[in-house]
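Notes for the one structure printed next.
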Amino acid sequence: MIGHPVRRRTAVGIVLVLAVVLAAGAWWFTGHGDDDDRADVSTTWSFTQGGDVPVAAGDGFRPEAVVEGDGLLVAAGDAPEPSGDGYDLDAWYSTDAATWTRSDLRSVGRGAGWYSEFTDLLGWDGGFLVTGKGIDSSGGLPVTASVPTFFSADGRTWRLLDPPPGTEGRNPGYFADGAHAYASPDGVSLWRLDEDGKRWKAVAARAPKGCTFGIRSAASDAGEALITGGCGANDAKRLSLYRVTDDGARLRDLSAPLPGDLVGVPSVAVRDDTLLLSARQQEPPSKTASPSTGGDGASEDGTVGPVPDARPVVLRSSDGGAHWSKVTLPAPGDAKPGSGVVDDLFRSGDTFVAAGSVTLNEVAHPAAWVSADGSRWTAVRLRAFAADESLGEGAALDGHVVVPALVAGGVYTSGQKAATAPSRAVPDPSGPTTAPSGRASTPAGTSAAPPASASTPAPTSPPASSVPSLGPEDVYALTAPFSGEISGGSSPAARYDVLVTLSTGRAAEPTVEDLTGTLRIKGDTGCTATLTHDRTRADGTLVFRTSDRRAPLPGMVLEGSFYCPRLVELRRTGMWEVAWNSEGGYTGTLAAGQVD
C-alpha cells in the first residue's frame, strides 16, 4: 500500500499496467535472478496498447498514479475530455487489476468553465483522496482558482472534502498509515481525517524545529507510517525520515543514521524492520564537467571548475532505520550500468518493487526491479520507447502490479492474464526460433547467414512463415551511430571505414521493422546510401536494402569504381557491438560511437 503524493510531470499521463500475459502474440519480458530471490512479479511482464485496456463507462484511461486501499485499486490522472478539447482530472477503480471502471469524479464539484489538473492520490483502508489544481477558464484565460480535494469511501463515488485548517489556498501534503489519512497544511503540524471522512482533527506529532514534512510515505503492517521531509535552509536542506505511530500521537525521528548528503525527492517502502529509501546522493565536486552534471563551463585555459553531482542511490536498513547500507541495482539488458533511477518503491505482498528508468543510448527507458528482501534485486527488462520515458507511482493488488507510465501510450502488466495487442511479426523463411524473452536464441558469435550477391538480391516477397521481431526492448540498443572497419573482397588489402546510423523514425512504439538508417563508406572509393529494413533472420540478423547510393564525388567517379552494397546484414554480437556482412565477402565489427 502506498500513500505518497505524486510529482507532477509535464507530459500527459498515459498508463502502464503490469501483468502476466499468456495469450499468443504478446511481448514477453523475463526477469532472471537467484531462485531464492525470485518473486512472482519478476517472472513475466508484458506490454498492452493503451486502447486495449478494458475500461467500462468510458474510455481515456490515462492515470498518473495508482493506489490500493481495502482490496481495491484506484487510479487517477488527467484524461482527455469527451469533446476532445483539453484534459480534466478523472479517476477509475478496479477489483482485479485488469479491468477498470470510470468513477463519478468528473461530475463532482465542477462548474461551467472549470476543470482540474491532477496533483496527488492517496489510498488507505478507510478511503481514497484525490487532490487537484482547480482551473477557471470561464473568463477566457485559465486561472488557478482553487486546490480541490475529493474523498471517496469506496473508490467509486466522490465528494468534495474541506482541507484542514491552515491550508490557505495551497495543497497540503497527504499520507496514510494504512488505517488513517493525515495531512500537513504547513509542513510542520499534522491533522488526521476522521473515519467518516468529513472532519480533520489535530494530532500531537509535529516536525522537529527547523524541519518540515515532505511528504513521501509508506504504510507498515504495524499500522505506522514512514514519511520523509527535510531539515535546514533550501540551499542546504538535509533529507529527514520519520515514523508516525499511535494514531499520530508520536513521531520518531530516523534521520540521524542517514547519510547527510541525500537530496532530491525520495521514495520509501517498509516491511517489518526492513526499510528502503531511494534518493540522490551528492558526490564531491569533480574537476571535469559532463552533460549529466551541468558544469559551470571551461575557463580560458581550458580547465573546468568544480562541478557538483548527485547520483541515484537506494539505501536499505534491516533494523528499523538504525543502520543503512547501499543497494546495487543490476542493469537490465543492454542498459548503461549504474544508470538505474528509482522513482517509486512499494510492495506486492512480501515482494519489494522498484519502478524507474535506465539509460540506453542516452535515452531514459522504463525499468523495474523486484526483491524478496530489499538487498538482492532482479532486473526486469521493459519495453523501450522513442523518447525519454518516466513511470508514475504504482500499487499492487493480490500480487498483480500496476504502474503508470507518463509518456507512452500503453500498459504493462505483471502477475495476471490481461488483454494485449498482438505483436507485429517480421517474415523470415527460417521459421520461429525466437526465445520467450524476445531475444534471438542463436548464441552471440554464431556466424550470420551468407550475404546475397550483388547480382541476385534476396527476394522481396518471403514465404508466409514468420517469427516475432526482436523484442522491443532490443530496438534501442541498435539506434546509435556504429562505426568500424570492414575488409574482404577480391583483394585482402581492400578495407573500408564505415559508419552506420540507425533510427526508428517517427514510430511511437517501434519494433525492428521501423529501423531505417544511413550508410557511409569512407574514402574516395566509398559511398553514401539509405538503409531500409528488409527482413529479420531467425538468428536476429537484420537485413537492410540500400537505395540512393552515391559516390563521394558525384559525376567524377564512374559507376562500379566505388563499393556500395545492395544488401547489408547487421547482427548484434554484444553490448554496443554489431557484426557487418555484405556482398563481395566484406565482413567486420562495428562498435557504438562515431569515428571521424
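- Proximity of Trp580 to Phe482: side-chain heavy atoms (C-beta onward) are nowhere separated by under 4.5 Å.
- Applying the salt bridge (Lys or Arg N to Asp or Glu O under 4.0 Å) criterion to Arg102, with sequence neighbours excluded, gives Asp90.
- Here the side chains of His323 and Ser325 are not in contact, with every heavy-atom distance at 4.5 Å or above.
- Listed for the Asp261 side chain is no donor-acceptor partner under 3.5 Å among the backbone atoms of Gln281.
- Closest of all the heavy-atom pairs between Ala181 and Leu122 is CB-CD2, 3.9 Å.
- In this structure, the side chains of Leu275 and Val268 stay at 4.5 Å or more apart for every pair of heavy atoms.
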How far apart are the C-alpha atoms of Asp177 and Val244, what are their side-chain angles, what is the distance that settles it, and do they pass the side-chain contact (heavy atoms from CB on, under 4.5 Å) test? CA-CA 8 Å; Asp177 61 9; Val244 178; over 6 Å; no
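- Val314 and Ser278 get closest at one heavy-atom pair: CG2-CB, 4.1 Å.
- For Arg216 (side chain) and Pro266 (main-chain N/O), a donor-acceptor pair under 3.5 Å exists by modelled atom type.
- Contact of the Phe175 side chain with the Leu226 side chain is not registered, since no non-hydrogen atoms from C-beta on lie closer than 4.5 Å.
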I'd like to know whether Leu276 forms a side-chain contact (heavy atoms from CB on, under 4.5 Å) with Arg271, so could you lay out the CA-CA distance, the side-chain angles of the two residues, the decisive distance to 0.1 Å, and finally the verdict. CA-CA 9 Å; Leu276 296 176; Arg271 188 189 69 205; over 6 Å; no
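- Note: Leu73 CG to Asp96 CG = 8.5 Å, rounded to the nearest 0.5 Å.
- We find the CD-CG distance between Gln282 and Leu262 to be 9.0 Å, quoted to the nearest 0.5 Å.
- Between the side chain of Trp369 and the main chain of Pro330, a donor-acceptor pair closer than 3.5 Å is present.
- Residues Asp125 and Gly69 share a closest heavy-atom pair of OD1-C, 4.1 Å.
- Side-chain atoms of Leu258 and Trp324, non-hydrogen and from C-beta on, do get closer than 4.5 Å to each other.
- Put simply, CH2 on Trp377 and CZ on Arg316 are 9.5 Å apart, with the number rounded to the nearest 0.5 Å.
- No side-chain donor-acceptor contact under 3.5 Å links Ser339 to the backbone of Val358.
- The CZ atom of Phe544 sits 11.5 Å away from atom CZ of Arg535, with the distance rounded to the nearest 0.5 Å.
- Residues passing the salt bridge (Lys or Arg N to Asp or Glu O under 4.0 Å) test with Arg243, sequence neighbours excluded: Glu224.
- With rounding to the nearest 0.5 Å, the separation of OG in Ser375 from NZ in Lys326 is 15.0 Å.
- With Trp100 as reference, Val402 is the one residue of Thr95, Val74, Val402 to meet the side-chain contact (heavy atoms from CB on, under 4.5 Å) rule.
- Residues that satisfy the salt bridge (Lys or Arg N to Asp or Glu O under 4.0 Å) test with Asp221, not counting sequence neighbours, are Arg347.
- The main-chain N or O of Thr131 is found under 3.5 Å from a side-chain atom of Thr119 such that the two form a donor-acceptor pair.
- No side-chain heavy atom of Leu391 sits less than 4.5 Å from a side-chain heavy atom of Ser357.
- When all heavy atoms are compared, the tightest approach of Ser94 to Thr99 is OG-O, 2.7 Å.
- Ring planes of Trp92 and Phe61: perpendicular class, angle over 60° (limits at 30 and 60°).
- Put simply, the side chain of Asp88 reaches to within 4.5 Å of the side chain of Ser116, judged on heavy atoms.
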Where do Arg537 and Arg571 land on the side-chain contact (heavy atoms from CB on, under 4.5 Å) test, with the steps shown first? CA-CA 9 Å; Arg537 301 190 187 279; Arg571 180 175 51 84; over 6 Å; no
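- Phe118 has its ring centre no less than 6.0 Å from the ring centre of Tyr87.
- For the 3.5 Å distance criterion, the side chains of Asp272 and Thr274 fail to qualify, holding no donor opposite an acceptor.
- Summarising the geometry of Val341 relative to Pro312, their closest heavy-atom pair is CG2-CG, 3.5 Å, with the distance given to 0.1 Å.
- No donor-acceptor distance shorter than 3.5 angstrom exists from the side chain of Ser503 to the backbone of Gly517, with no hydrogens or angles considered.
- For the pair Asp319/Asp273, no side-chain contact is recorded, criterion being any heavy-atom separation below 4.5 Å from C-beta on.
- Looking at every heavy atom in both residues, Ser255 comes nearest to Leu241 through OG-N, 2.9 Å.
- No side-chain donor-acceptor contact under 3.5 Å links Thr228 to the backbone of Gly214.
- No donor-acceptor pair under 3.5 Å is formed between the side chain of Thr501 and the backbone N or O of Thr518.
- Side-chain N or O atoms of Thr541 include none that pairs as donor or acceptor with a backbone N or O of Leu570 at under 3.5 Å.
- Summarising the geometry, atom OG belonging to Ser317 is positioned 10.5 Å from atom CG belonging to Leu277; distances are rounded to the nearest 0.5 Å.
- Screening Leu542, Thr516, Val543 for a side-chain contact (heavy atoms from CB on, under 4.5 Å) involving His533 leaves a single residue, Leu542.
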